[in-house]
Amino acid sequence: MTDIKNKAVEEQAASFTEASAEMQSKSEEIIKKLDKEATTRTFSGFMKKLFFVLCILVSCYHLYTATFGPPLTLIHRSIHVSMMLVLTFLMYPMTKNSSFTTPSIIDWILVAASLAAPIYISTDYQGFVERAGNANTMDMAMATLLVALVLEASRRVSGNVLSLLSLVFIAYGLFGRSMPGMFMHRGYDWTSLSNHFFANTEGIYGTSVNVAASYIFLFILFGAVMSKSGMGQLFNDLALSLAGHTKGGPAKVSVIASGFLGSINGSAVANVVTTGAFTIPLMKKTGYSKEFAGAVESAASVGGQLLPPIMGAAAFIMAEMLGVKYSSIIVWAAIPALLYYLGIIIQVQLRASKDGLVGLPKEQLPVLKTVLNARGHLLLPVFFLLYMLFFSGTTVVYSAVLTIVVTIVVAQLKKDTRMSVKDMIDALANGAKQTVSVAIACACVGIIIGVCSKTGFGLTMANTIIALGGTSILFTLVFTMITCMILGMGLPSIPAYIITAAIAAPALSKLGIAPAAAHMFSFYYAMFANLTPPVALASFAAAGLSGGDPMKTGVASVKLAIAGFIVPFMFVFSPQLMLINTTFMEGTWTAITACIGVFLLAVAVEGYFLARVAVWMRVVILVGALGLMNPGIVTDGIGIAACVILYLVQKKKEHALKAA
C-alpha cells in the first residue's frame, strides 16, 4: 500500500515538474513581451567574458565608494551614470531587428561617448563648477550629448514612454512662452536648459541618481546575493508549509511568496512571472478561475513594492526627498502595507469558502521545521539589516554593505545554501546588470525633474489640482489619485513615483496634509497603475501565464487590491495609520480597527461570509468598513455595529441553510 502511495506521489511530482517547465518557458516569453527591461542580449565567447568583467568592476566600484566614501559629488554621479550607460548599450539592442548576441558599431560608438561626461567633468572640475549657470560651448555640447545618451538608453531599457515624456517636458521648457494660461513661463534657450540638466544636482545628476548610485545599487546587489544563496526557494517553501494546506492554500502561497520577493526585487512584472510560474498552476489546479488566479498573483506582486523593509528601493528615494531617515519610511509604511495584504488574504479565503475549494494535501507539502532547518538561517541577514537600520546608528549605505557580507557568511553555514567563489562573483555581476534598468530610469527622470525645478511646473500643477478640487480635500485627493495613475501608466515603478511625488505631492502639502502622507499617497497610486486597466502590465503578464482574459484579470486585480485603493485616503485624513504623531496605544487601536475594517471590506467585495451576503447587507458593511478604517470614536462605533449586524444576519442564514 505504501509503495502504491509513493508511486502516486512520484507520478504527481513528475507531472508537476513537466508543467512547471512548460510554464517557465511561457513566463520567459511573457516577460520579454511585456517587460522591456528583460529584453537583453545573450553574449558568448570573448564578449561574454568582457561584459562579465565590466559588471564585476561596476559592483566593486560601488562597494568601494560605499565603504570608503565616494569622490566629489558630480564626479561620482557622472561615473555612475556613465557605467550604467555603457552596460545599457552593450546589453540592450537598438531595435527588435538588431543582433541579440553582438553589439553593433553604433553601440560601441555610444559606449565610447558614454565615457565623455565623467572624463570632461574630472579634468576641469573647478572650472566646470565655477561656470555653472554660465555655460560655454563645450559645456553645452557635453550636456547635449549626455541628454541624448540618457534618452536613447531609457528608450532601449524601458520603452518609449519615459523618453517621450522627457521630450515633452524639454519642449515645455523651451517653448514655455507659448503655453496657455497658468502653464505659461518665460521659456529657456537650449544652452540654459541643457546646462541645468548637466552642471548641477537638480537635473540628470540629481536626487534620483544619487539614490541609485548609493542605496539602490547596494540593495539590488543584496538581493542578488540573497538569490544565489537560495532565498527565493526559502520564500516558496515557507509559504507552502504555512498556508499550502489551508482552504484556498495555493492562493495564499502566492500572496505570501510574492510579497516577500516583491519587497526585494521591486519589479511587478518580473515578480509575477517568477512566482506566478509556480503558483498560478497550483491555484488553477485547486479550482480558482484563470482570471482570479492571475489577479491574485498580480495584486500580490504589485504590493511587494509597498511592503517594508526594502519596498523595491522606492523607499530610499522617498527618504531622500523627504529628508528623513530610511527607518522612518519603514515605520510609516508598515500598517498600510499589512492592511493591503490582509485584504487580499481575506478575499482569497472568502472566495475559497464560497466556491468550496480546499488546500493541497499535507503530505505533498514541505514541513515547516524541515524548511527552517534547511534554510531558516537565511532570514538572519534580514533581521541583521533591520537591527542596523533601527538601532546601530550607522548609515544606510554602510548597513547595506555589512548586510551583504553577513549574508555571504550566513549562507556558508549550511551545505544547501553555501556559496562558492563563483556564486559570489556571479552575484556581483548580476547585481550590476539588475541595477541598469533602475539607474537609467532615474537618470532619465532627472530630465523631467530638472524642467519642473527650472520652470516651476510642479507648483503650477499643484495649483491646477487644487483648483480642480475646489475647497474639498476629498475631491483634491481624487484628482491627485487620477493624476498619479495616469502618470504611472507604462512607467517603471521608481520613475513613476518620482514624477508623481514631484507633481502631485506638493498639491497635497499645500492643503496642510503631512508630507509623509502626501508622498505615500502618490506612491501607492503610481504603483497601482501596474494592475489597473487599460495599461496593466502586471495583470496582463499574469493573464498570459494563467490563460485568462487580460481585461477581466485586470478588473479582478483591482477588486483584490481594493483595500490599497482606500487605505491612502484613510492615512491622509488620519495619519495615525502611519503611526505619525500618535501614542503606542492609539497606534495599536488604530491598527486593530483598521484590520477589522479591511475584513468587512473584503466581505462587501466578495459578497460572502458564513453564507452569501445580500446586496443591502453589503452596502451596510461597506459603510462599516470605511468607518473602522477611519480612526475615531463615532466611526469605530458605526463599524462595530455593522460587524454585529453582519454576524447576527449571517448566523441566522447559516442555520436556515443547514436546516434546509
Side-chain angles (χ1 to χ4, degrees), residues 12 16 19 23 239-240 242-259 272 275-276 278-301 303 340-362 364-365 531 539 542-543 545-564 598-619 621-622 625 646-647 649-660:
Q12 192 168 15
F16 180 71
M23 186 63 72
L240 279 169
L242 289 171
H245 64 284
T246 62
K247 189 179 294 185
K252 295 173 186 173
V253 170
S254 173
V255 175
I256 296 169
S258 297
V272 165
T275 55
F278 165 69
T279 60
I280 287 175
L282 288 177
M283 284 188 273
K284 289 168 63 179
K285 181 181 176 183
T286 52
Y288 285 109
S289 68
K290 296 175 181 179
E291 286 77 18
F292 191 81
V296 170
E297 183 57 50
S298 61
S301 294
Y340 176 80
Y341 274 99
L342 181 64
I344 299 176
I345 287 282
I346 293 172
Q347 283 195 57
V348 162
Q349 173 74 17
L350 294 175
R351 177 64 63 94
S353 298
K354 183 166 65 175
D355 295 346
L357 306 181
V358 296
L360 297 169
K362 269 195 171 184
Q364 295 179 18
L365 300 174
L531 56 78
S539 297
L545 288 174
S546 68
D549 180 86
M551 295 303 290
K552 289 181 180 178
T553 302
V555 172
S557 299
V558 172
K559 288 176 66 178
L560 278 166
I562 189 67
V598 167
F599 163 74
L600 288 181
L601 183 63
V603 173
V605 170
E606 281 298 320
Y608 189 89
F609 176 40
L610 301 175
R612 292 189 180 274
V613 180
V615 174
W616 70 269
M617 189 69 235
R618 292 170 75 170
V619 174
I621 58 178
L622 177 60
L646 172 67
Y647 180 77
V649 171
Q650 284 281 288
K651 202 68 179 172
K652 183 178 180 181
K653 191 170 184 178
E654 184 186 35
H655 285 314
L657 288 172
K658 287 180 179 178

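One-based numbering along the sequence shown. The structure displayed is predicted, hence computed values, not measured ones.
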task: Apply side-chain contact (heavy atoms from CB on, under 4.5 Å) to the pair L646 and F609, showing each step before the final yes or no.
output: CA-CA 9 Å; L646 172 67; F609 176 40; 4.1 Å; yes

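- In this structure a side-chain-to-backbone donor-acceptor pair under 3.5 Å is present from Y341 to A300.
- In this structure, OH on Y340 lies 10.5 Å from CD1 on I562, to the nearest 0.5 angstrom.
- Counting heavy atoms from C-beta on, the side chains of L240 and L360 come closer than 4.5 Å.
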message: Quick one, L610 with K653, criterion side-chain contact (heavy atoms from CB on, under 4.5 Å). Give me CA distance, side-chain angles, the key distance, then yes/no.
response: CA-CA 8 Å; L610 301 175; K653 191 170 184 178; over 6 Å; no

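- Remark: K651 engages E654 in a salt bridge (Lys or Arg N to Asp or Glu O under 4.0 Å) (not counting sequence neighbours).
- A donor-acceptor pair under 3.5 Å links the side-chain atoms of R618 to the main chain of V605, judged by distance alone.
- Residue L342 holds its CG atom at 10.5 Å from CD of Q347, rounded to the nearest 0.5 Å.
- P281 and G276 get closest at one heavy-atom pair: CD-O, 3.5 Å.
- For L242 against T246, the heavy-atom pair with the smallest separation is O-CG2, 4.3 Å.
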task: Could you walk me through whether V296 and M283 pass the side-chain contact (heavy atoms from CB on, under 4.5 Å) test, one step at a time?
output: CA-CA 9 Å; V296 170; M283 284 188 273; 3.9 Å; yes

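- No more than 12 heavy-atom neighbours from other residues, nucleotides or ligands sit within 6.0 angstrom of NZ on K552.
- Between T286 and L357, the shortest heavy-atom contact is O-CD2, 3.3 Å.
- No side-chain donor-acceptor contact under 3.5 Å links S258 to the backbone of V255.
- Under a 3.5 Å cut-off, the side chain of Y288 and the backbone N or O of V348 do form a donor-acceptor pair.
- Taking 4.5 Å as the limit, every side-chain heavy atom of P250 sits out of range of all side-chain heavy atoms of K285.
- Judged by distance alone, the side chain of K290 and the main-chain N or O of D549 form no donor-acceptor pair under 3.5 Å.
- Taking every heavy atom of both residues into account, L601 and A563 meet most closely at CD2-CA, 3.7 Å.
- Under the salt bridge (Lys or Arg N to Asp or Glu O under 4.0 Å) criterion, K354 pairs with E606, not counting sequence neighbours.
- Of the inter-residue distances, the one linking L531 atom CG with S301 atom OG reads 10.0 Å to the nearest 0.5 angstrom.
- Remark: I256 CD1 to T279 OG1 distance equals 11.5 Å, nearest 0.5 Å.
- We find the OG-NZ distance between S546 and K284 to be 6.0 Å, quoted to the nearest 0.5 Å.
- Between T553 and S539, the shortest heavy-atom contact is CG2-O, 3.6 Å.
- Distance check, rounded to the nearest 0.5 Å: OH of Y608 to CG of L350 gives 8.5 Å.
- Considering every non-hydrogen atom in both I280 and G294, the closest pair reads CD1-CA, 4.4 Å.
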